[in-house]
Amino acid sequence: MGIIKKLPIYSEKFPGGGIVTTSLEAALNQGRAKSLWYLLFGTACCAIELMCTGASRYDFDRLGMIFRATPRQADLILCAGTITKKMAPRLRRLYDQMAEPRYVIAMGGCTINGGPFYYDSYSVEKGIDHIIPVDIYIPGCPPRPESLMEGCIHLQEKIKKQKLLDWQEK
Amino acid sequence: MRELRTEEFIVNMGPQHPSTHGVCRLVLTMDGEKIVKIEPVIGYLHRAIEKVMENRTYSQCIPMMDRVEYVTSMSCEYVFSLATERIAEMEVPERAKYLRVIMLELNRIASHLLFYGVTAMDIGALTPFLYGMRERELIIDLFEMTCGQRLTYNYIRIGGVSKDIPKGFEQKCRSALKVIAEKMSDYEGLLNENPIWLKRTKGVGILPKELAIAYGVSGPNLRASGVQYDLRRNDPYCIYDKFDFDIPVRYNGDCFDRYILRLDEIKQSMRIIYQALDGLPEGDVKNKKVKLTFKPPAGETYTRIENSRGELGVYLISDGGKKPLRVKTRGASFNHVQILPHFSTNMLIADLVANFATLDIIMPEVDR
């Protein structure tokens, strides 16, 4: 009953069961936040840390996050690693293939502004926010698993606060 | 009976595909379920690292080298440092050499454990991934307590290493190795006699010895095809000639041999680390003459070492200035991608995945 206590819920018990009344918004947001399935989109070094986070010690599953290989089944692009100019159209296409509501986490320096390749690399895209809208930025080169999980928790809080029609305006 | 009209069709595998280990794109021409032709398309991770390094001083180049091959970053740092030291004809303290060997071999084990997990996941078994990554974390902990980073270390510097190992490292290292040695039987028990695993890997993707030599395949993939060639033994660098270790060889050249050979290599790496820990001398860990504005004399060198994927080389040209004139890195994965079309045709896509996974290709080493 821990989760139910946190929700804006009115519950009434009577013999043989009970009635729970809540807003549609709260129920939907709760569902969205607690089952973020992410697209396995590792391009460079950050992908190894993403794998570490998904594996035994850090256990991403407890946040309700499981990787999906196809964008059609994913709610979130966890963009882990450098996006080059050759890869940029593919990223846009993957984003377009996802069903709404969709979220983006930019993991690592390369996806925020090009990271170590900011000054003098001719082939690196200087930040994925030139291509797709980003919800959460996680700095680091590569970020530790703890900070990745912190970022995901922030995203969940952000999702819980959103209004029902917010994502359509985006 | 009327004859069926059939035609070939093209399937794009990648660049976003969970089993292409990054962003390799394979254009497959299919005849039904059989692959007729494979065309690898590379360059989706071309970050111009070689060009960027021409604008960096020598000490700034080392973090860039980390990103060339992030699974075994230590070896990339090491090969660049070694090339610079050869041009400058610089002495490295004995303790630093031992520390380098310990770090290189720990990193080789970490890389092979990652290979073990990821390959099994590509072929369809999820549990080995969790097992492999669990023991890999023990090694990552050792790196973290030494240099503070989990993946891109910047630990091996020109003229030595950045700092000495902290207190308690040796004991922790020994206990980590002991755990891994215990778990090796778990790894082997999970897959070696598993009938599904054997069906998927035995006799699949046979890489003939002659083809491997002709295309410059190196490392475990070459040794799985029956060639006993290891740069640690054939062209010794650092202090590898002081240690006693075997070079495992397998003769079938199929996916299973490439997998089992890496497990054998983990055991040999552990032997080297134990010997290095036993013989670790006291003293400095860095050549004190190396300043931040370090300028080696003009010259050029090709330096190569054996990393967990094969021959990793650096061709370094110095004109006597603060920055290198040209740095060319030679990654083993590049050769492994180009050989893929020559022995993977006439097989199913599922077998191609097994083939690709056991070659242990990593894309940044290809594209740089």
Side-chain angles (χ1 to χ4, degrees), chain A residues 39-59 61 66-71 74 77 79-91 93-95 97 108-110 114-125 140-147, chain B residues 12 14-23 25 41-56 60 63-64 66-71 73 110-111 114 117-118 121 126-127 129-138 140-141 144 148-152 154 362-364 367-368:
Chain A
L39 175 69
L40 197 64
F41 185 64
T43 52
C45 333
C46 294
I48 307 290
E49 287 297 71
L50 179 59
M51 275 153 64
C52 284
T53 319
S56 329
R57 185 181 284 183
Y58 296 98
D59 193 12
D61 285 4
I66 303 174
F67 72 85
R68 295 276 102 193
T70 157
I77 290 191
C79 189
T82 320
I83 296 298
T84 57
K85 289 194 171 134
K86 193 172 178 180
M87 196 65 194
R90 312 298 163 125
L91 177 62
R93 196 164 164 186
L94 286 169
Y95 182 75
Q97 282 174 346
C110 294
F117 308 98
Y118 176 70
Y119 292 105
D120 41 13
S121 176
Y122 54 82
S123 60
V124 173
E125 192 66 49
C141 190
R144 298 179 53 86
E146 289 92 335
S147 57
Chain B
N12 259 310
Q16 187 269 325
H17 189 280
S19 65
T20 54
H21 294 217
V23 285
R25 175 176 161 215
V41 181
I42 61 170
Y44 286 97
L45 195 55
H46 175 63
R47 299 188 277 190
I49 291 178
E50 289 172 1
K51 189 71 191 165
V52 168
M53 278 198 282
E54 291 170 16
N55 290 332
R56 300 278 196 273
Q60 286 173 337
M64 280 291 146
D66 274 339
R67 274 105 189 142
V68 169
E69 217 265 54
Y70 41 73
V71 181
S73 299
S111 167
L114 187 77
V118 171
M121 198 160 71
L126 191 61
T127 317
F129 173 70
L130 300 173
Y131 276 44
M133 294 301 264
R134 185 183 60 191
E135 269 72 64
R136 186 174 175 272
E137 289 288 339
L138 298 174
I140 300 294
D141 280 352
E144 203 182 337
Q149 258 285 26
R150 283 171 53 90
L151 202 64
T152 47
N154 196 9
I362 182 164
M363 287 318 284
D367 296 334
R368 295 187 287 273

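Letters go in sequence order (proteins before strands), and every chain restarts at 1. Predicted model only: the values in this text are computed from it and were never measured.
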Quiz prompt | Taking every non-hydrogen atom, the tightest pair across A:Met51 and B:Phe129 | solution = O-CZ, 3.9 Å
Quiz prompt | Closest contact, heavy atoms only, A:Cys141 versus B:Gln149 | solution = O-NE2, 3.3 Å
Practice problem: First locate atom CE of B:Met133, then atom OG1 of A:Thr53, and finally report the distance between them rounded to the nearest 0.5 Å. | Solution: 8.5 Å
Quiz item: Any idea which of A:Gly42, A:Ser56, A:Cys110 has the most non-hydrogen atom pairs under 4.5 angstrom with chain B?
Solution: A:Ser56
Self-check item: Side chain proximity check, A:Phe117 to B:Ile49, heavy atoms < 4.5 angstrom
Solution: yes
Quiz item: Just wondering, do A:Arg144 and B:Glu144 contact through their side chains at under 4.5 Å, heavy atoms?
Solution: yes
Self-check item: Interface residue of largest heavy-atom contact number with chain B, from A:Ala55, A:Ser121, A:Cys45, under 4.5 Å
Solution: A:Cys45
Practice problem: Specify the closest pair of heavy atoms between B:Ile42 and A:Lys86, including all atoms of both residues, with the distance to one decimal. | Solution: O-NZ, 2.9 Å
Quiz item: Under the criterion side-chain contact (heavy atoms from CB on, under 4.5 Å), which of B:Val71, B:Val118, B:Ile140 is the partner of A:Ile48?
Solution: B:Val71
Quiz item: Non-hydrogen atoms of chain A under 4.5 Å away: do they reach the side chain of B:Ile362, the backbone, both or neither?
Solution: neither
Exercise. With rounding to the nearest 0.5 Å, note down the distance linking CZ in A:Arg57 to CD in B:Glu135.
Key: 10.5 Å
Quiz item: Which region of A:Leu39, side chain (C-beta onward) or backbone (N, CA, C, O), has a non-hydrogen atom less than 4.5 Å from a non-hydrogen atom of chain B, or is it both or neither?
Solution: side chain
Quiz item: Can you find a pair of side-chain heavy atoms, one from A:Thr82 and one from B:Arg67, that are under 4.5 Å apart?
Solution: no
Quiz item: Side-chain contact, heavy-atom cut-off 4.5 Å: A:Ser123 with B:Lys51?
Solution: no
Quiz item: So which part of B:Glu54 gets closer than 4.5 Å to some heavy atom of chain A, the side chain, the backbone, both or neither?
Solution: neither
Self-check item: Residue part contacting chain A, namely of B:Val41, when any heavy atom lies under 4.5 Å
Solution: side chain
Quiz item: Do A:Cys52 and B:Arg136 have side-chain heavy atoms sitting under 4.5 Å apart?
Solution: yes
Exercise. Give, as side chain, backbone, both or neither, the part of A:Ile83 having an atom under 4.5 angstrom from any heavy atom of chain B.
Key: neither
Quiz item: Looking at A:Gly54, A:Ala44, A:Ala69, A:Pro71, which makes the most heavy-atom pairs under 4.5 Å with chain B?
Solution: A:Ala44
Exercise. Side-chain contact test, heavy atoms from C-beta onward, threshold under 4.5 Å: evaluate it for A:Arg90 versus B:Arg25 and give yes or no.
Key: yes
